[in-house]
J.: 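Pasting a structure here, questions to come.
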Amino acid sequence: DNFQARITIVKQDTTDEIILMVKKYATGNVSKSIHEQVDSIEGIFGTGLDLQKGTNVIITGGTGILPFLDLFDLLLKKAICLAAGNINTDIDLDVYGIGYATILPSVKVKLFASFTSFEELNNYQWLVDLHIISKNHKLGLFEMHVRLPEGQTAVSEIAQFQERIG
């Protein structure tokens, strides 16, 4: 019973629906509650992201961030190429000619993520870097909002992390 739930709010020719992918964990209070309240589970899953021009919002928690890491990696490469081009046009960081600077034109990603501990936030440093590069160079590519519970053992690390992402 480890299904992903697709909950359709409204479905029309335009995209007026919210699709949630929720992995059911035996000990997960939120995922268990969602799955108990879902009337139907629809497929097909795993068809990829359909990013639209404008702001794309990703809401995730825990291991739910994993499917998005390739997207964040691509956005980081794009941010580095654009920022380097703004600073010094003689530097070519796109040595394989992939065209990172032109990939996903007019796409912005806002990440809202929640984690049960600081350690659970996988690869946090490069996500923080992506947020900072996008913000400092006014690229408008990526914005990150992270929720961590209070009373962490690594309180100083969390404060430093939250301070860095502003």
Side-chain angles (χ1 to χ4, degrees), residues 2 4-7 14-23 25 28 30-31 43-149 152 154-166:
N2 212 4
Q4 296 180 333
R6 177 184 171 134
I7 304 169
T14 59
T15 180
D16 287 336
E17 68 180 356
I18 297 174
I19 299 172
L20 302 174
M21 300 299 208
V22 181
K23 183 175 180 181
Y25 288 96
V30 173
S31 67
I44 299 174
F45 302 108
T47 58
L49 291 175
D50 184 19
L51 297 173
Q52 305 294 318
K53 289 184 178 182
T55 301
N56 294 266
V57 176
I58 297 173
I59 303 169
T60 186
T63 58
I65 198 168
L66 296 177
F68 303 103
L69 293 183
D70 284 340
L71 170 63
F72 301 148
D73 178 64
L74 178 66
L75 290 174
L76 178 60
K77 290 172 181 169
K78 179 176 182 169
I80 290 169
C81 286
L82 289 172
N86 290 344
I87 296 168
N88 184 347
T89 55
D90 294 335
I91 298 175
D92 183 14
L93 296 176
D94 192 3
V95 294
Y96 297 107
I98 295 182
Y100 290 118
T102 60
I103 290 176
L104 299 173
S106 304
V107 168
K108 177 181 181 175
V109 174
K110 277 190 179 185
L111 170 64
F112 294 88
S114 177
F115 298 94
T116 59
S117 69
F118 182 74
E119 291 77 21
E120 186 183 20
L121 179 51
N122 293 317
N123 299 312
Y124 74 91
Q125 185 58 54
W126 64 275
L127 291 175
V128 172
D129 292 343
L130 172 55
H131 175 90
I132 290 170
I133 292 168
S134 183
K135 183 178 177 182
N136 289 350
H137 293 274
K138 297 176 178 47
L139 301 176
L141 292 177
F142 183 78
E143 188 178 313
M144 180 169 62
H145 304 273
V146 175
R147 183 191 153 278
L148 297 165
Q152 293 289 309
V155 173
S156 62
E157 286 182 272
I158 293 169
Q160 184 180 36
F161 169 78
Q162 290 175 332
E163 181 179 297
R164 287 196 67 202
I165 65 170

J.: Measure across Ala101 and Lys78 and return the closest heavy-atom pair with its distance rounded to 0.1 Å.
T.: O-CE, 3.5 Å
J.: Flag the pair Leu71 / Ile58 as yes when at least one side-chain heavy-atom distance between them is below 4.5 Å, and no otherwise.
T.: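 A side-chain contact exists here, since the closest heavy-atom pair is under 4.5 Å.
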J.: How long is the span from the CG atom in Asn56 to the NZ atom in Lys110, to the nearest 0.5 Å?
T.: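 One finds 11.5 Å between CG of Asn56 and NZ of Lys110.
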J.: Identify the two heavy atoms, one from Gly140 and one from Ser134, that lie closest to each other, and give their separation to 0.1 Å.
T.: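 For Gly140 versus Ser134, the nearest heavy atoms are N-OG, 3.6 Å.
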J.: Using the side chain to side chain donor-acceptor pair (under 3.5 Å) criterion, which residues pair with Asp73? Sequence neighbours excluded.
T.: Lys77
J.: Do Trp126 and Leu69 come close enough that some side-chain heavy atom pair is under 4.5 Å?
T.: yes
J.: List the atom of Ala79, the atom of Leu130, and the distance in Å for their closest heavy-atom pair.
T.: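 Taking Ala79 first and Leu130 second, the nearest heavy atoms are CB-CD1, 3.9 Å.
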J.: Please report the interatomic distance CG(Leu82) to OH(Tyr100), rounded to the nearest 0.5 Å.
T.: 12.5 Å
J.: Using 0.5 Å steps for rounding, measure from the CG atom of Asp129 to the CG atom of Leu76.
T.: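 Rounded to the nearest 0.5 Å, the CG-CG separation comes out at 7.0 Å.
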J.: With a 4.5 Å limit on heavy-atom distance, are the side chains of Leu111 and Ile65 in contact?
T.: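 Heavy-atom side-chain distance check passes, below 4.5 Å.
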J.: What is the minimum heavy-atom distance between Glu143 and Lys108, and which atoms define it?
T.: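 Closest approach of Glu143 to Lys108: OE1-NZ, 3.4 Å.
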J.: Roughly how far, to the nearest 0.5 Å, is CD1 of Ile103 from CG of Leu51?
T.: 12.0 Å
J.: When the ring planes of Phe112 and His145 are compared, do they come out parallel, tilted or perpendicular, using 30° and 60° as the limits?
T.: parallel
J.: Verify side-chain contact (heavy atoms from CB on, under 4.5 Å) between Leu104 and Leu141, making sure each step is shown before the conclusion.
T.: CA-CA 10 Å; Leu104 299 173; Leu141 292 177; over 6 Å; no
